[in-house]
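Note that the structure is predicted; figures quoted are calculated from it, not measured. Remember, it's 1-based here, ligands and their atoms both numbered in the order they're listed. Atom set for the values below is all heavy atoms of this structure, side chains included, hydrogens, waters and symmetry mates excluded.
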Amino acid sequence: MNILIINGANLNLLGKREPHIYGNVSFEDYFEILKEKFAQKDVNLHYFQSNHEGELLDKIHEVGFSFEGIVLNAGAYTHTSIALADAIGGITAPVVEVHISNVYARETFRHHSFIAPKCVGSIVGLGLKGYELAIDFFCKK
Ligand code: DQA
């Protein structure tokens with residue numbers, strides 16, 4: 001089973017960026033932990049990060065008809081991108097939306113997600129653990 005984690009805008013800065021909100025672990029380090037956690041399971045984990053909306057679209061199109069699942073934290077594009085919502089709506093792979101922080105406890109502009117209605121579900125506010133829970137969901141599906 002192939003699962004792709006996609007991180008969008010500014011998530012390359014995890015570990016350095018606002019650690020009181022996002023923690024102090026880089027995604028590269030966390031990805032190693034994730035790979036170990038799922039090593040015994042029949043799952044190939046892949047990771048892609050981009051700050052560019054078009055590159056996120058291209059990656060979703062690339063794997064969206066062959067992978068078994070996509071875990072997507074689109075960062076701020078969550079709250080702005082109809083194009084990302086359309087991309088998710090146009091593929092066959094199920095997408096789980098993840099946010100590290102509890103966006104509902106933050107500024108009101110973070111309360112709306114264009115992508116949520118196109119996703120099978122959303123995991124919000126559980127820190128990096130949200131990615132693990134999303135992968136677990138695909139494994140048990
Ligand atoms: C985020 C929440 C977004 O509102 C924000 O723009 C991010 C990170 C999160 O993981 O909590 O960049 O997606």
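Near Val103, meaning under 4.0 Å from any of its heavy atoms, are these atoms of ligand 1: 2 (C), 4 (O). Less than 4.0 angstrom separates some heavy atom of His79 from each of these atoms of ligand 1: 3 (C), 4 (O). Atoms of ligand 1 lying under 4.0 Å from any heavy atom of Tyr22, numbered from 1 in the order shown and given with element: 5 (C), 7 (C), 8 (C), 9 (C), 11 (O).
Closest protein heavy atom to atom 6 (O) of ligand 1: Arg110 NH1, 3.0 Å. Scanning the protein for heavy atoms near atom 11 (O) of ligand 1, the closest one is Ser101 OG, 2.6 Å. The protein non-hydrogen atom at the shortest distance from atom 9 (C) of ligand 1 is Ile100 N, 3.3 Å.
Closest heavy-atom contact between Tyr22 and Arg106: OH-NH1, 2.9 Å. Nearest heavy atom pair, residue His61 against residue Ala87, reads NE2-CB, 3.9 Å. Scanning both residues, Ile88 and Cys119, for their nearest heavy atoms gives CD1-SG, 4.2 Å.
At a heavy-atom distance under 4.0 Å, atoms from both the backbone and the side chain of His99 approach ligand 1. Neither the backbone nor the side chain of Asn10 comes within contact range of ligand 1; no heavy atom lies under 4.0 Å. Contacts between Val98 and ligand 1 below 4.0 angstrom, taking non-hydrogen atoms only, are absent altogether. Looking at Glu107 against ligand 1, nothing comes within 4.0 Å, counting heavy atoms.
Remark: ligand 1 and Ala76 share an N or O pair separated by less than 3.5 Å (distance only, no angle test). In terms of N/O distances under 3.5 Å, ligand 1 is not approached by Arg106. Some N or O of Arg17 is nearer than 3.5 Å to an N or O of ligand 1, by distance alone.
Contact between Asn73 and ligand 1 is present, with at least one heavy atom of the residue lying under 4.0 Å from the ligand.
With a 6.0 Å radius and a threshold of 12 heavy atoms from other residues, nucleotides or ligands, Gln40 has its CD atom at or below the threshold.
Side-chain atoms of Ser66 and Asn2, non-hydrogen and from C-beta on, never get closer than 4.5 Å to each other.
Leu45 CG to Ile5 CD1: the interatomic distance, rounded to the nearest 0.5 Å, is 5.5 Å.
At least one donor-acceptor pair closer than 3.5 Å links the side chain of Thr92 to the backbone N or O of Gly64. Although no hydrogens or angles enter the test, the distance criterion places a donor-acceptor pair under 3.5 Å between the side chain of Gln49 and the main chain of Gly8.
Ser113 and Glu97 are linked by a side-chain donor-acceptor pair at a separation below 3.5 angstrom, with hydrogens and angles left out of the test.
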